[in-house]
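Atom set for the values below is all heavy atoms of this structure, side chains included, hydrogens, waters and symmetry mates excluded.
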Amino acid sequence: MTLQRFSSGLFRAALKIRLAQQSAYAKRSMTQVRSFHSTPHNFQQSAPVPRAVPLSRLTDNFLDGTSSVYLEELQRAWEADPQSVDESWDNFFRNFVGQAATSPGISGQTIQESMRLMLLVRAYQVNGHMKAKLDPLGLEQREIPVDLEPGLYGFKEADLDREFFLGVWKMSGFLSENRPVQTLRSILNRLEQAYCGSIGYEYMHVPDRDKCNWLREKIETVVPSNYGPERKQVILDRLIWSTQFENFLATKWTAAKRFGLEGAETLIPGMKEMFDRSADMGVENIVIGMSHRGRLNVLGNVVRKPLRQIFSEFSGGTKPVDEVGSYTGTGDVKYHLGTSYDRPTRGGKRIHLSLVANPSHLEAVNPVVIGKTRAKQYYSNDKDRTKNLAILIHGDGSFAGQGVVYETLHLSALPNYTTGGTIHIVVNNQVAFTTDPMSGRSSQYCTDVAKALNAPIFHVNGDDVEAVVHACELAAEWRQTFHSDVVVDIVCYRRFGHNEIDEPSFTQPKMYRGNCQKKKLMLLHSKVNSILNEEFVNSKEYVPKRRDWLAAYWTGFKSPEQLSRRRNTGVKPEILKNVGKAITTLPETFNPHRAVKRIFDQRAQMIEKEEGVDWAVGEALAFATLLVEGNHVRLSGQDVERGTFSHRHAVLHDQETGARYCPLDHVVMKQNEEMFTVSNSSLSEFGVLGFELGYSMENPNSLVLWEAQFGDFANGAQVIFDQFISSGESKWLRQSGLVVLLPHGYDGQGPEHSSARLERFLQNSDDNPFVIPEMDSTLRTQIQQCNWQVVNVTTPANYFHVLRRQIHRDFRKPLIVMSPKNLLRHKDCKSNLSEFDDVQGHPGFDKQGTRFKRLIKDQNDHSDREEGIQRLILCSGKVYYELDEERRRVERKDVAILSDAEIVWCQEEHMNMGAYHYITPRLLTAMKAVDRGSLEDIKYVGRAPSAATATGFSQVHVKEQKELLETALQSTPIKFP
């Protein structure tokens with residue numbers, strides 16, 4: 001038997017006794033018991049203290065008979081010769097028996113008392129935060145756990161001045177071996193100071209002894225830690241800047257919304273000290289995400305955005321001066337904007353800070369920040385993840401209520417998503433907009449969700465600036481030491497409600513009555529006030545320069561108002577052959593699944609014969625050629641390694657050993673293991689898509705892709721699509737080349753596995769349907785001026801080129817791909833290898849060059865203009881192949897699928913979905929320009945309007961599909977819808 005086993009048995013037995021006794025004790029509120037000093041603990045109601053008895057007479061309530069006899073025999077053997085027992089037992093008897101023999105003050109200490117005292121200390125470690133003084137307003141009524149009462153463990157007032165020894169093997173803090181003998185009074189006083197002061201520590205849920213010991217060493221110090229005069233002066237100076245900034249804004253713009261930091265001003269000195277400590281421990285870059293409350297204060301005082309610029313924005317702001325390419329977009333409100341700055345630290349180092357722009361959708365920015373941080377780690381070769389740090393600032397209501405918080409936390413330990421730990425700061429207003437905590441969450445604390453990730457949580461009174469600073473520094477040390485998440489919960493209040501023009505007493509009268517009675521923090525400093533006034537005067541003549549607005553742009557990349565030349569995306573034939581061989585060759589010692597081996601043999605034949613290239617090979621060739629050119633490629637999403645439809649097989653598994661092999665990791669010599677990353681993600685859309693968006697924003701020389709399991713599930717990330725991807729460049733001047741793959745197509749799989757909602761992405765496109773864009777290839781800017789590109793690709797070669805086009809241009813736009821399901825193995829959905837190369841004269845090289853083709857000519861041997869064509873059908877995606885097959889079946893050679901012919905738009909989707917309502921006004925504009933007719937001349941073929949995206953009955957699906965094909969190719973004219 002080891003000490004660990006024995007101790008755990010004692011603890012379990014003692015806990016049973018304690019639980020049995022708990023019904024006899026009533027819980028007391030915080031207002032009744034404030035501290036050990038001022039309010040005596042309840043010793044009167046305690047159970048009778050058992051008298052010290054020989055070990056062999058211990059009852060079964062503590063040890064069973066067999067164990068007690070065994071223990072007594074061990075004790076006799078140890079007394080005769082300490083070397084005769086195991087080292088663990090030697091430690092045990094030396095601590096609990098041997099020490100007592102040499103210390104007169106503790107001669108009466110029994111093993112039972114030692115165990116009960118250990119349980120009392122553990123109770124403080126587990127539940128001391130319940131007694132901590134956290135609420136600055138003093139309004140919170142919390143029940144104090146009865147297990148913090150000494151009387152529960154049999155101690156009486158007469159025991160307060162008795163000395164006790166608490167040493168325990170391989171423990172830190174109060175239970176360490178090297179702690180001196182102390183009286184019960186001093187032990188309890190120090191426990192109160194450590195665990196029940198202005199900081200409440202929650203860490204005993206962390207299932208790691210070393211981590212808990214590390215924290216105990218920081219918390220359970222012999223004497224409380226204090227800052228020296230110089231540090232206190234620095235902290236005070238930072239607090240002055242924080243408070244005077246808010247006071248200044250309140251004076252100058254009394255009726256403006258600014259979501260100020262009044263009631264939580266200590267956040268600023270806390271953050272600054274956290275950054276300083278992080279820099280001292282090796283951090284070079286910090287990426288920050290936060291919502292609106294306190295954002296302006298953070299921008300001005302922490303990230304150092306010019307104060308005159310902030311004040312100018314308060315006065316309405318102006319657009320930048322006219323410059324070539326000075327694209328300004330729509331802009332956004334001042335408390336959504338981001339910035340970056342190289343900030344000196346107190347320790348003499350410099351640290352780069354980036355505050356990411358965000359919408360009003362609380363917590364939506366979280367995964368974006370994490371993704372951007374991970375990208376910084378890749379590009380700076382930060383393999384230990386110690387140089388780049390993410391810090392997220394939350395609200396209490398949103399941290400508990402928004403699902404994306406957990407989605408982001410859940411990424412923290414995943415190999416291809418971890419950033420080595422995130423520091424979370426909760427600005428805990430103790431109320432959401434108007435919702436009290438009892439209505440806003442089911443858990444005791446707003447931070448309880450973080451316990452699922454075993455993150456320690458430091459609750460701190462927001463009015464105690466030194467406690468806030470200490471908690472923030474401790475969080476920085478934890479992150480750099482253990483590379484995992486940590487939470488600082490700053491319990492504060494809002495002096496003015498949700499915003500400055502709100503009336504909070506409508507819904508929280510008691511809170512704001514106490515708020516009004518609380519003295520306003522008035523820290524004045526003439527120098528600070530002078531600087532603020534000077535910046536205010538300068539703001540009146542401030543005109544943003546291009547570098548202010550476009551600081552986030554990558555050097556040399558074009559804005560939507562600058563002409564960017566078009567480039568071909570074909571690749572030299574020899575490169576295609578070489579990479580084709582690399583991605584289809586497996587090691588001789590590798591044992592793939594038989595079906596996978598057959599697939600790779602077929603792929604090798606496609607490359608060798610230069611024909612029949614399918615969708616998966618076209619994609620792999622795009623990835624491989626970009627890797628050869630030195631670009632980083634990252635693909636993530638649910639099941640992307642194999643592919644939802646078993647088509648990709650980017651990662652293979654040895655059927656005998658389980659070893660993994662990724663052919664795209666071996667395209668170039670000595671390839672960086674992360675240069676090509678393909679990773680199955682957690683079952684999340686919102687969090688993972690946001691992560692990949694943030695990743696794509698860091699460096700333009702990377703192809704970053706996210707694939708949905710089915711396009712239907714993408715609306716789980718609708719906030720990311722609407723608030724970031726489609727509008728981020730317009731609002732915040734942030735470009736992204738993110739590629740989103742959304743499997744789409746009507747195959748009879750029901751309403752949840754058929755549609756990626758193409759219509760929604762087209763509706764969010766900002767091109768004008770009534771203006772024909774410039775068609776001169778030397779002046780064409782349509783693709784730059786649109787907010788994103790949405791494609792429904794029809795051939796593997798076109799898919800290859802549209803992926804490579806994302807990198808081979810000097811601007812970046814998000815790409816939304818309605819990727820196929822049926823076409824992945826369709827017999828006609830093939831391309832020749834010549835369509836991928838850059839050789840003039842090959843089939844893929846036409847007057848557009850070798851590049852993505854927005855319009856593909858019908859392959860039915862029609863000339864550009866031919867007499868006898870009665871109907872022109874426009875379509876995209878897989879319906880082309882079905883129309884072509886039906887045309888061959890009914891022998892309609894007078895129908896061109898792409899001329900005074902009948903104009904038809906054909907789609908699989910229902911009339912109120914798909915591209916119909918996007919195509920119609922644009923097609924009408926083009927027809928009017930060439931005098932070809934009116935709206936009635938645009939015929940529609942597709943499914944009728946519907947609330948659901950597809951039928952769930954396979955027979956109905958087949959009937960609908962057959963009818964739309966027959967209608968498109970009927971001999972009589974098609975009626976207007």
The criterion is side-chain hydrogen bond (donor to acceptor under 3.5 Å, both in side chains); which residues satisfy it with Gln377, sequence neighbours excluded?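 Expected list: Arg385.
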
With Ser198, which residues qualify under side-chain hydrogen bond (donor to acceptor under 3.5 Å, both in side chains), at least two apart?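 With neighbours one apart ignored, the set is Asp464.
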
Main chain of [Y], side chain of [X]: is a donor-acceptor contact present, judged purely on distance under 3.5 Å?
| X | Y | answer |
| --- | --- | --- |
| Arg642 | Thr644 | yes |
| Glu707 | Leu741 | no |
| Ser736 | Pro814 | no |
| Gln723 | Pro359 | no |
| Asn127 | Pro145 | no |

Sequence neighbours left out, what passes ring-ring contact (aromatic ring centres under 6.0 Å, His included) with Phe482? Give chain and number order.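 Testing Phe482 for ring-ring contact (aromatic ring centres under 6.0 Å, His included), a comparison that skips the adjacent residues, returns Trp214, Trp478.
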
Could you check if a side-chain atom of [X] sits within less than 4.5 angstrom of a side-chain atom of [Y], using non-hydrogen atoms only?
| X | Y | answer |
| --- | --- | --- |
| Leu239 | Glu265 | yes |
| His424 | Asp485 | yes |
| Asn297 | Ser242 | yes |
| Asp489 | Val491 | yes |
| Leu389 | Ile391 | yes |
| Val487 | Phe458 | no |
| Ile393 | Arg295 | no |
| Met274 | Ile423 | yes |

Electrostatic pair Glu192:Lys131 at N-O distance under 4.0 angstrom: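 Between Lys131 and Glu192 there is a salt bridge, with a charged N closer than 4.0 Å to a carboxylate O.
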
Ionic contact status for Glu273 with Arg238, cut-off 4.0 Å: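 The answer is yes: the pair qualifies as a salt bridge.
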
Evaluate side chain to side chain contact (heavy atoms under 4.5 Å, CB included) for Met697 paired with Val368, printing each intermediate quantity in order. CA-CA 9 Å; Met697 292 164 59; Val368 180; 4.1 Å; yes

Looking at Phe676, I'd like to know if the NZ or CZ of Arg634 sits under 6.0 Å from its six-membered ring centre while staying within 45 degrees of the ring's axis.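 No - Arg634 does not lie over the ring of Phe676 by the 6.0 Å and 45° rule.
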
Name all pairs fulfilling the salt bridge (charged side-chain N to carboxylate O under 4.0 Å, His left out) condition that reach into residues 360-382, sequence neighbours left out, sorted by first residue then second.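 Of all non-adjacent pairs touching residues 360-382, those that pass salt bridge (charged side-chain N to carboxylate O under 4.0 Å, His left out) are Lys372-Glu698, Arg374-Glu674, Lys376-Glu698.
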
Quick test of your reading: applying salt bridge (charged side-chain N to carboxylate O under 4.0 Å, His left out), list the pairs with at least one residue in residues 443-457, sequence neighbours left out, ordered by first then second residue.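 Listed by first then second residue: Glu202-Lys451, Asp448-Lys451.
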
Can a side-chain donor-acceptor contact be found between [Y] and [X] if the only test is distance below 3.5 angstrom?
| X | Y | value |
| --- | --- | --- |
| Asn454 | His205 | no |
| Thr419 | Thr373 | no |
| His352 | Asp342 | yes |
| Glu641 | Ser679 | no |
| Asp135 | Asn461 | no |
| Ser380 | Asn388 | yes |

Minimal non-hydrogen separation, [X] against [Y], with atom names:
| X | Y | value |
| --- | --- | --- |
| Ala471 | Val488 | O-CG2, 3.8 Å |
| Val365 | Ala357 | CG2-O, 3.8 Å |
| Ala717 | Leu689 | CB-CD2, 3.6 Å |

Verdict with reasoning, Asp639 to Gln709, per side chain to side chain contact (heavy atoms under 4.5 Å, CB included): CA-CA 7 Å; Asp639 313 300; Gln709 192 178 63; 2.6 Å; yes

Hey, which of Tyr445, Tyr195, Tyr124 is the one that makes ring-ring contact (aromatic ring centres under 6.0 Å, His included) with His129?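 Result for ring-ring contact (aromatic ring centres under 6.0 Å, His included) with His129: Tyr445.
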
Between Arg231, Arg277, Arg479, which is the residue that forms a salt bridge (Lys or Arg N to Asp or Glu O under 4.0 Å) with Glu473?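 Among Arg231, Arg277, Arg479, the one that satisfies the salt bridge (Lys or Arg N to Asp or Glu O under 4.0 Å) with Glu473 is Arg231.
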
List the steps and the verdict of side chain to side chain contact (heavy atoms under 4.5 Å, CB included) for Asn428 and Thr447. CA-CA 10 Å; Asn428 188 343; Thr447 55; over 6 Å; no

Partner of Leu392 under side chain to side chain contact (heavy atoms under 4.5 Å, CB included), chosen from Ile288, Ile370, Ile425: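 So, applying the side chain to side chain contact (heavy atoms under 4.5 Å, CB included) to Leu392 and each of Ile288, Ile370, Ile425, only Ile370 qualifies.
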
Would you call the rings of Tyr378 and Tyr695 parallel, tilted or perpendicular, where under 30° means parallel and over 60° means perpendicular?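 Tilted.
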
Would you check, one step at a time, whether the test side chain to side chain contact (heavy atoms under 4.5 Å, CB included) holds for Phe275 with Thr345? CA-CA 8 Å; Phe275 294 174; Thr345 69; 5.8 Å; no

Start with the C-alpha gap between Tyr417 and Ser636, add the side-chain angles, then the distance that decides, and say whether side-chain hydrogen bond (donor to acceptor under 3.5 Å, both in side chains) holds. CA-CA 10 Å; Tyr417 301 87; Ser636 91; 3.2 Å; yes

Identify every side-chain donor-acceptor pair in residues 399-410 under 3.5 Å, counting partners at least two apart or on other chains, and give the distances.
{"from": "Glu407", "atom 1": "OE1", "to": "Ser684", "atom 2": "OG", "distance (Å)": "2.3"}
{"from": "Glu407", "atom 1": "OE1", "to": "Gly687", "atom 2": "N", "distance (Å)": "2.8"}
{"from": "Thr408", "atom 1": "OG1", "to": "Val404", "atom 2": "O", "distance (Å)": "2.8"}

